[in-house]
Amino acid sequence: MIKELKSNYNPLYFLAALGNGGLAVSFFMYFMFMVPHPETAMPTFHDITAYLTGGSLLIASLVIVAYAGVIYFAYRHFYMLFWNVREFNLFKQTQAYTDLKASNNASAFMAIPLTFSMTINAFFVLGAIFIPNLFNVIEYLLPFALIGFLIVGYYAIKIYLSYFTQFLQGKFKVDQNNHLGQMLAVFTFAMVAVGLAAPAGISRVVATSSIATFFSLFFATVAVSLALVIMVLGVRGMLEKGVAMEAAPSLWLSVPITTLLGITFVRLYSGVSHNLFDTTPSPGVLFIVLSILVSIQIAFLGVGYFVLKQIGYFKNYTHLEGPNKSAGSFTLICPGVAFFVLGMFFVGDGLIKSGIVEQFSVWHFLVLLPFVFSQFKTIQVLARINKKNFNKETVKELDAKVKAA
């Protein structure tokens, strides 16, 4: 692995850790929506292992595959996280760090709290599937999760204000904003919102759920408000100058953002229904809301794909024989993971619970196919980008740059 990049480092490399963490969570989704867990909000160790001992050989094999997916990508998440933290600390000692803070590209720093939020989610998933009887003490653990996400949220606000205040002093170069890279801040705040929505939806302690609900809504509101402004500025810049090649994957950032806001809605709707209204969430409402969000994602994925293909981004930045390498190419992992995860919520909460589709029927698996394809295509793309950015030739190139610097 490349070490001591110093001035050649980019905070967007945190997205490599983020993508691996997201893939770990994506494999957990199979447990979440295909393993019955009527007594808990999430499948537990005992729910899952029952299929290993009491199910057929085929089902047991699928459980093992899902476990392997969670373990492998969680490992890769933590590996890339520690690598990024080490490299970022070295990067902070360079002039390149100071220059980046003063540029339009300062939004790249938002990838750091974004990734830390994913780390908390990874711990949550690993605890659920590996620690027996975890939900017996879940109410004692949820306040710590709440505090953890609030700390990350504070860190995200601190980073954002540090460069946004410079923009308000006239240092933002509008003519260089022909992309949606600034949406990374929206992505980060939405990730904090969905994290806070977990204790809001799971906890049956009204105080814990209510506090988490308020702060989740706060960060979701910040995310949506920023998105409206950034989309207008970014689209205007792209219409005037065309999309910037290296930042073109930012066209797809709306996909993970809609996934996070959608899951935030599902969790908050569940928590408020149970704790404040003493009812159960309406499957019809979930079907309508999730249908709208999946539709938005399909539209953004379609438009983004044709634009990226038209300008030759895939040929230049993702194909192994392509001439260009970029930390920003790891942005491509986020929409694939997000489309799969929201798809699982759409099928599980929108179609199955509403009775539109019968669970484990032929139609169930047919509807899942495009989302499963998205997951495995994302794994393929991640492997290719890893090889392209961290192969021996890249190490030699960057080592030469480091020595020259």
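The chain is numbered in sequence order, starting from 1.
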Quiz item: Quick check: are there more than 12 heavy atoms from other residues, nucleotides or ligands sitting under 6.0 Å from CD of Gln176?
Solution: yes
Exercise. Please identify each residue that fulfils side chain to side chain donor-acceptor pair (under 3.5 Å) with Glu246, with sequence neighbours left out.
Key: Ser326
Practice problem: Output the distance between atom CE (Met245) and atom CD1 (Ile311), rounded to the nearest 0.5 Å. | Solution: 5.0 Å
Quiz prompt | Pairwise side-chain contact, Met183 with Ser254, heavy-atom cut-off 4.5 Å (strictly under) | solution = yes
Quiz item: Ignoring hydrogens and geometry, is there a side-chain-to-backbone donor-acceptor pair from Thr188 to Leu184 under 3.5 Å?
Solution: yes
Quiz item: Looking at Leu290, Val367, Leu342, which one forms a side chain to side chain contact (heavy atoms under 4.5 Å, CB included) with Val347?
Solution: Val367
Quiz item: What pair of heavy atoms forms the shortest contact from Ser117 to Met191, and how long is it?
Solution: CB-CG, 3.2 Å
Quiz item: Counting heavy atoms not belonging to Gln310, are there more than 12 under 6.0 Å from its CD?
Solution: no
Self-check item: Ile159 versus Met110, closest heavy-atom pair with distance
Solution: CG2-SD, 3.7 Å
Quiz prompt | Separation between CZ of Phe82 and NE2 of His77, rounded to the nearest 0.5 Å | solution = 8.5 Å
Quiz item: Does the side chain of Val289 reach to within under 4.5 Å of the side chain of Ile292, using non-hydrogen atoms?
Solution: no
Quiz prompt | Single hit among Phe339, Phe376, Tyr30 for ring-ring contact (aromatic ring centres under 6.0 Å, His included) with Phe371 | solution = Phe339
Quiz item: Residues in side chain to side chain donor-acceptor pair (under 3.5 Å) with Thr259, at least two apart?
Solution: Gln297
Quiz item: Can you name the nearest heavy-atom pair linking Ala223 to Val186, along with the distance?
Solution: O-CG1, 3.3 Å
Using atom types as modelled, flag every donor-acceptor pair under 3.5 Å from a side chain in residues 193-200 to any protein atom, sequence neighbours excluded.
none

Self-check item: Pairs flagged by ring pair (Phe, Tyr, Trp, His ring centres under 6.0 Å) wherever residues 276-305 is involved - sequence neighbours left out
Solution: Tyr305-Phe314
Practice problem: Report the residues that fulfil salt bridge (charged side-chain N to carboxylate O under 4.0 Å, His left out) with Glu240, sequence neighbours left out, ordered by chain and then residue number. | Solution: Arg236
Quiz item: Does Thr44 have any side chain to side chain donor-acceptor pair (under 3.5 Å) partners at least two apart in sequence or in another chain, and if so, which?
Solution: Asp47
Quiz item: Looking at side-chain heavy atoms only, is the closest gap between Phe135 and Glu39 below 4.5 Å?
Solution: no
Exercise. Compare every heavy atom of Met80 with every heavy atom of Ala16, then report the nearest pair and how far apart it is.
Key: CB-CE, 3.9 Å
Exercise. Flag the pair Phe130 / Phe45 as yes when their ring centroid distance falls below 6.0 Å, and as no otherwise.
Key: no
Quiz item: Can you check whether Val243 reaches Asn178 side chain to side chain, under 4.5 Å on heavy atoms?
Solution: no
Quiz item: So Phe88 and Trp83, ring-ring contact (aromatic ring centres under 6.0 Å, His included) or not? Walk me through it.
Solution: CA-CA 8 Å; Phe88 179 70; Trp83 177 84; over 10 Å; no
Quiz prompt | Tyr140 atom OH, neighbour heavy-atom count above 12 within 6.0 Å | solution = no
Practice problem: Tell me yes or no: between the side chains of Tyr75 and Asn20, is some donor less than 3.5 Å from an acceptor? | Solution: no
Self-check item: Exercise: do Glu139 and Thr208 side chains pair donor with acceptor under 3.5 Å
Solution: no
Self-check item: Exceeds 12 heavy-atom contacts within 6.0 angstrom, atom CD of Glu321
Solution: yes
Quiz item: Among pairs that include at least one residue of residues 163-188, which meet salt bridge (Lys or Arg N to Asp or Glu O under 4.0 Å), considering only residues two or more places apart or in two chains?
Solution: none
Self-check item: Residues in side-chain contact (heavy atoms from CB on, under 4.5 Å) contact with Ile120, at least two apart in sequence or another chain
Solution: Phe149, Val152
Quiz item: Hey, what do you get for CG (Leu301) to CG (Leu308), rounding to the nearest 0.5 Å?
Solution: 10.5 Å
Practice problem: Under the side chain to side chain donor-acceptor pair (under 3.5 Å) rule, collect the residues that match up with Gln380, sequence neighbours excluded. | Solution: Lys377
Quiz item: Is atom CG of Asn89 surrounded by more than 12 heavy atoms (other residues, nucleotides or ligands) closer than 6.0 Å?
Solution: yes
Using atom types as modelled, flag every donor-acceptor pair under 3.5 Å from a side chain in residues 59-74 to any protein atom, sequence neighbours excluded.
unit_1, atom_1, unit_2, atom_2, d
Ser61, OG, Leu57, O, 2.8
Tyr67, OH, Ile129, O, 2.5

Self-check item: Aromatic ring proximity, centroids under 6.0 angstrom, Tyr97 and Phe91
Solution: yes
Quiz prompt | side-chain contact (heavy atoms from CB on, under 4.5 Å) partners for Ser295, two or more places apart | solution = none
Quiz item: Counting only heavy atoms not in Phe365, do more than 12 fall under 6.0 Å of its CZ?
Solution: yes
Self-check item: Separation between CE of Met42 and NE2 of His37, rounded to the nearest 0.5 Å
Solution: 8.5 Å
Quiz item: Pairs in or reaching into residues 183-221: which pass ring pair (Phe, Tyr, Trp, His ring centres under 6.0 Å), with residues at least two apart or in two chains?
Solution: Tyr160-Phe189
Quiz item: So how far is it from Thr213 OG1 to Asn275 CG, rounded to the nearest 0.5 Å?
Solution: 7.5 Å
Quiz item: Could you state the interatomic distance from CG (Asn389) to OH (Tyr317), rounded to the nearest 0.5 Å?
Solution: 11.0 Å
Quiz prompt | ring-ring contact (aromatic ring centres under 6.0 Å, His included) partner of Phe33, the single match among Phe345, Phe27, Phe346 | solution = Phe345
